[in-house]
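The structure appears below as structure tokens.
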Amino acid sequence: MKVKQWIKTPKGYVILCMLAYVLLASAGTMDIKGVVNAGIAVSVSVAADMLGTSLVKKKRTPPYSAVITGLIVALILSTSASWIIVAATALLAIVPKYVFVNKKKAIFNPAALGLLLSSLLFQTGQSWWGAFGDLPAWSLIFPVIGGYLVTKRVNKFPLVFSFLGTYFVLLLIMGIFQFGDATDALRIPYINASLFFALFMLTDPPTSPAKYKDQIIFGILCAVAGAMVYAYFGGLIYLFVGLLAGNLYHYARTRPSYRTQLLTR
Amino acid sequence: MAKMNSKWVILCSAAIGAIYTAGYFTTDTLAAIQQPVPYSQVSGSSGNQGSKLDSQPAGSQVSVNVSQPTSKPASTKVKSKATTPTPAPTVKSKYINGTFYGAGNNRRGSVQVAVSIKNDKITGVEISDYRMRYSQDYIAGLPQEIIQNQSAKVHNVSGATYSTRAFRDAIQNALDQALNA
């Protein structure tokens with residue numbers, strides 16, 4: 001595949017966007033550690049993915065998905081996270097891809113699961129620096145434009161809109177009734193995290209539905225689960241929990257029925 | 001599969017933007033209330049001699065969670081006591097004795113601290129208010145580090161960079177207020 005063709009693929013779009021964010025956000029915050037972490041996370045993700053592919057005897061393809069997972073992990077983890085934590089998080093993201101499988105596809109979004117596990121196991125700090133949370137508000141335009149291009153390419157607008165619409169309505173209700181901390185969630189840097197999450201993580205093709213109707217239900221489910229976790233527990237993992245709830249719904253919709261399983265045996 | 005019409009994309013984006021704006025302005029008053037108010041000097045006495053460790057306004061009480069260099073208990077409660085300013089000493093001290101409050105904040109929240117100073121030494125540091133999204137446990141060891149270092153310099157806590165920065169700024173803020181002009 002030629003470079004021009006590759007760039008036009010969804011994975012090509014995402015990788016280019018994320019590489020641009022790594023460079024732009026690092027330059028904006030004048031912190032080179034983000035670039036270093038990205039290198040570590042991508043290297044570990046790719047190595048683990050290649051090992052996993054050979055272990056399950058899967059057809060070898062360029063590990064672009066692993067590159068994306070590594071980049072997402074690096075863009076979300078705090079730049080002050082130690083290299084061991086970055087590597088461990090990348091590993092936690094890739095391993096479940098080969099453990100929780102449905103129709104040869106990962107059930108859970110790798111980056112979301114890895115970051116959630118990392119947060120629970122190592123209390124890892126997540127700053128979402130790659131979503132430009134530490135930079136002036138206008139810089140939010142970068143993830144929004146890049147995210148819209150990616151969403152258009154993978155045809156997931158109904159998912160993104162149903163998620164953001166439900167999420168903001170719930171935060172509005174929380175704000176009116178002064179329940180939970182909607183104030184923070186609607187402001188920088190949390191709004192950066194929500195938009196980055198909606199445009200780049202929810203739209204992951206293997207772990208989200210393709211049909212519009214399913215996309216809408218998936219988006220609403222992720223928003224409701226995430227907002228509930230945020231309202232009751234706060235913290236930083238609410239978005240990941242929401243996505244994993246959506247992944248479970250998608251799995252329930254697509255898994256072979258018990259009857260089909262019996263017939264295929 | 002047919003792709004979503006561009007007009008619908010624009011319409012949905014506008015609708016979501018409107019909902020977001022409504023939520024933003026609904027919580028605007030709350031955001032203003034949540035802004036930390038920088039503390040001014042709460043108590044203190046000029047000079048190094050004759051002042052108690054913590055002189056607080058009447059009726060207030062400060063918990064000083066400190067491990068003193070001597071073998072004093074780790075947690076001491078010092079009741080408020082009105083102090084009489086003492087005459088300035090011959091050698092001018094850097095800091096005024098007393099307890100000073102400082103605030104540090106960033107986009108992730110705010111930290112407020114109470115710093116006790118006696119004879120130019122930081123004798124007690126307490127996190128008096130913590131409003132960061134990360135757990136306070138991350139920076140629980142920093143007050144002790146301040147006392148050991150006798151300055152606002154603390155090592156960056158991995159995974160709690162923003163809490164560390166806010167804490168450091170709060171300490172510096174308190175020390176600036178304690179400066180004997």
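Model, not experiment: these values are computed from the prediction. Only heavy atoms go into these numbers, but all of them, side chains included; no hydrogens, no water, no symmetry mates.
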Above 12 or not: heavy atoms from other molecules or residues under 6.0 Å from CZ of A:F233? no
What part of A:L77 gets within 4.5 angstrom of chain B, counting heavy atoms only: side chain, backbone, both, or neither? neither
Neighbourhood of chain A inside residues 9-16 of chain B, taking heavy atoms under 4.5 Å as contact: B:V9, B:C12, B:S13, B:I16
Could you go through the side-chain contact (heavy atoms from CB on, under 4.5 Å) check for A:M174 and B:T27 one step at a time? CA-CA 9 Å; A:M174 283 162 63; B:T27 54; over 6 Å; no
Is A:L171 in contact with chain B via its backbone, its side chain, both, or neither, using a 4.5 Å heavy-atom distance? neither
Once salt bridge (charged side-chain N to carboxylate O under 4.0 Å, His left out) is applied, what residue pairs with a partner in residues 116-129 of chain A remain, sequence neighbours excluded? none
Which pairs pass salt bridge (charged side-chain N to carboxylate O under 4.0 Å, His left out) with one or both residues in residues 156-173 of chain A, sequence neighbours excluded? none
A:K103, NZ atom: more than 12 neighbouring heavy atoms under 6.0 Å: yes
Please confirm whether the backbone N or O of A:L186 pairs with a side-chain atom of B:Y24, one donor and one acceptor, at under 3.5 Å? no
For residues B:Y20 and A:I191, determine if any side-chain heavy atom of one lies less than 4.5 Å from a side-chain heavy atom of the other. yes
Identify which part of A:Y167 has an atom lying under 4.5 Å from any heavy atom of chain B, answering side chain, backbone, both or neither. neither
Does A:Y212 use its side chain to pair, donor to acceptor, with the backbone of B:M4 at less than 3.5 Å? yes
Taking all atoms of both residues into account, what is the closest heavy-atom pair of B:K3 and A:R153, and its distance? NZ-O, 3.6 Å
What closest approach, in Å, do A:G175 and B:T26 show between heavy atoms, and which atom pair accounts for it? C-CG2, 3.9 Å
So which part of A:S127 gets closer than 4.5 Å to some heavy atom of chain B, the side chain, the backbone, both or neither? both
How would you list all residue pairs meeting salt bridge (charged side-chain N to carboxylate O under 4.0 Å, His left out) that involve residues 125-138 of chain A, not counting sequence neighbours? A:D134-B:R108
Between B:R131 and A:D181, does any NZ, NE, NH1 or NH2 come within less than 4.0 Å of an OD or OE carboxylate oxygen? no
